[in-house]
Number of protein chains: 2
Amino acid sequence: MKMTADKENTEEKILEAAKEVFLEKGNDGTRMQEIADKAGINKSLLHYYYRSKEKLFAAVFKYAFSQFAPRIFSAFKDDEDFFALIRNFISVYIDIVSKNPFIPLFIINEINKKNTVFTNVIKMSGINPQVFKDRIQKEINNGKIKSIDPNQLIINTIGMCIFPVIGRPLIQVILFEDNKAEYDKFLESRKTEVADFIINSIKI
Amino acid sequence: MKMTADKENTEEKILEAAKEVFLEKGNDGTRMQEIADKAGINKSLLHYYYRSKEKLFAAVFKYAFSQFAPRIFSAFKDDEDFFALIRNFISVYIDIVSKNPFIPLFIINEINKKNTVFTNVIKMSGINPQVFKDRIQKEINNGKIKSIDPNQLIINTIGMCIFPVIGRPLIQVILFEDNKAEYDKFLESRKTEVADFIINSIKI
DNA sequence: CGTAAATTTGACCAATTGGTTAAACCATAT
DNA sequence: ATATGGTTTAACCAATTGGTCAAATTTACG
């Protein structure tokens, strides 16, 4: 029997290559040959370790989603001051999406095709927005923030974090004359700007 | 020579079918045969009227973009009260994206592939965000709203309008137990909620 | 009508794609 | 060393895809 080190090495190389290609080009745009080339292996090995393109894609999707969605809510467990919590969450979240710019669009895309894969992944991911909602409602009840539908606040927040990343190529051209450095600065400053914007809106 | 009525009829049918398929499935996911079937014509006619898939796609992209982006800024010409302007813009914008839910994601997607088609379309579209920026800056100078980077405000606004539409399948499951009617209500109420949220944040 | 041009169709093609398979390769245990 | 079983490869395949082309059909018009 061969050592598992080698096996895992190849299997790992495949998954890494698959991540790169799938995340950038989506399911339809991805060619198995390109993944094999990027992994530096024979195409047949893809089918040896993952049986089909669909299975390999599912593995990538699972990774992308687990990498992403849970972190959305993990930052919310603390018992910190609510505004500090918001500041921290937004800073962390913008940082994540900025460093993994392909993941949000990838997830949104595949979710918009009624791909059955994603439904299971979501259910399995144990996402629980109730923690969010409860905390927001608590702050409202305590008179710390204005009354607002928690769902609205949540979507506002995530929308402001994600949109500038997935719409980057367009926004960078229209608003920043395609100046990459300027846009990076813009994204960086959003870590505090968005938080300020939200807090200004909901504080009493 | 055949009457133009018939020709335009077929050409129109093709474009309509192409819109449907391309917008829903993207460039990679679209099959010429499916467009032909949806238009009820022979596949060869696609190449007769539009020379290639790329050309046909370009036509659809041009339509989608022209349908969409210009409207972003058109609502901003007026000399209305600034807050009324915001309310109106957001209401109109959310209405458009809600009724054309595939267009924003379609544009964002194709723009994230360095497809050369889109660069030209953008340049040709005559989009001018300066009207926006100037108006915002004016309101700041007049002391009507708090100081804020106009770019930040613009991205905040559009992000809050678009995200709940392109992320719908995911959000609807996670936050609304996949209740379509509830989500429609949610989107509808955002026409005022988002405006309130923004105005609360920037008003002095 | 008759004819020429525009339109429409079905048959066909070369290239690509995901996937299969049998043989080759290699590490290990006896 | 050699048999064993996991690993890797090259050759191959059926299906799909965008696209072509010549023939057939329809339309306009003298």
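Chain naming here is simple, since letters A, B, ... match the order of the sequence lines and numbering starts at 1 in each.
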Checklist line | No-hydrogen, no-angle side-chain donor-acceptor test under 3.5 Å, B/Asp37 and B/Gln33 | finding: yes
Notebook entry, point to check: Atom CZ of A/Phe57 to atom P of C/dG19: distance rounded to whole Å?
Noted result: 13 Å
Notebook entry, point to check: Think B/Asn42 has a side-chain N or O under 4.0 angstrom from the OP1 or OP2 of C/dG10?
Noted result: yes
Notebook entry, point to check: Once you round it to whole Å, what is the distance between C1' of D/dT17 and CG of B/Leu46?
Noted result: 13 Å
Checklist line | N/O (side chain, A/Tyr48) to phosphate O (OP1/OP2, C/dT20) under 4.0 Å | finding: no
Next item on the list: Can you tell me the distance, in whole Å, between the NZ atom of A/Lys53 and the P atom of C/dT16?
Entry: 16 Å
Next item on the list: With sequence neighbours left out, write down each residue that passes ring pair (Phe, Tyr, Trp, His ring centres under 6.0 Å) with B/Tyr63, or none if nothing qualifies.
Entry: none
Checklist line | salt bridge (charged side-chain N to carboxylate O under 4.0 Å, His left out) against A/Lys53, all qualifying residues, sequence neighbours excluded | finding: none
Check: How close or far is atom P of D/dT7 from atom CD of A/Glu11, stated in whole angstroms?
Finding: 9 Å
Next item on the list: List for me each residue that meets salt bridge (charged side-chain N to carboxylate O under 4.0 Å, His left out) alongside B/Asp149, sequence neighbours excluded, and say none if there are none.
Entry: none
Checklist line | Results of salt bridge (charged side-chain N to carboxylate O under 4.0 Å, His left out) for B/Asp178 - residues two or more places apart only | finding: none
Note to self: If I take atom NE2 in residue A/His47 and atom P in nucleotide C/dT17, what distance separates them, rounded to the nearest angstrom?
What the structure shows: 13 Å
Checklist line | Members of residues 30-39 of chain B that approach DNA chain C, where some heavy atom sits under 4.0 Å away | finding: none
Next item on the list: Go through the structure and list residues passing salt bridge (charged side-chain N to carboxylate O under 4.0 Å, His left out) with A/Glu193, not counting sequence neighbours.
Entry: none
Next item on the list: For B/Lys43 and for B/Gly40, locate the closest nucleotide of DNA chain C by heavy-atom distance; then report the residue assigned to the nucleotide nearer the 5' terminus.
Entry: B/Gly40
Notebook entry, point to check: A/Tyr50: what forms a ring pair (Phe, Tyr, Trp, His ring centres under 6.0 Å) with it, not counting sequence neighbours?
Noted result: none
Item checked: Whole-Å gap separating C1' (C/dG18) and OH (A/Tyr50) -> 17 Å
Notebook entry, point to check: Taking CG from B/Leu45 and C1' from D/dT26, how many angstroms apart are they, rounded to a whole number?
Noted result: 13 Å
Notebook entry, point to check: Taking the side chain of B/Ile41 as its heavy atoms from C-beta onward, which of C/dT9, C/dG18, D/dT8 lies nearest to it?
Noted result: C/dT9
Considering only nitrogen or oxygen atoms on both sides, find all protein atoms under 3.5 Å from nucleotides 21-23 of chain C and state each distance.
unit_1: C/dT21; atom_1: O4; unit_2: A/Ser44; atom_2: OG; d: 3.3

Checklist line | Euclidean distance, atom NZ of residue B/Lys55 to atom P of D/dG18 [Å, nearest integer] | finding: 16 Å
Note to self: Quiz question: by atom type and distance under 3.5 Å, do the side chains of A/Ser98 and A/Glu188 form a donor-acceptor pair?
What the structure shows: no
Check: Which ones in residues 18-26 of chain A lie close to DNA chain D, meaning a heavy atom under 4.0 Å from one of its atoms?
Finding: none
Next item on the list: Name all residues meeting the side chain to side chain donor-acceptor pair (under 3.5 Å) criterion together with A/Lys62; count only those two or more places apart in sequence or in a different chain, and write none if there are none.
Entry: none
Margin query: Once ring pair (Phe, Tyr, Trp, His ring centres under 6.0 Å) is applied, do any residues pair with B/Phe102, and if so which ones, sequence neighbours excluded?
Written below: none
Margin query: Can you list everything that forms a side chain to side chain donor-acceptor pair (under 3.5 Å) with B/Asn179? Sequence neighbours excluded, please.
Written below: none
Margin query: Ignoring hydrogens and geometry beyond distance, is a side-chain donor-acceptor pair present between A/Asn141 and A/Gln137 at under 3.5 Å?
Written below: yes
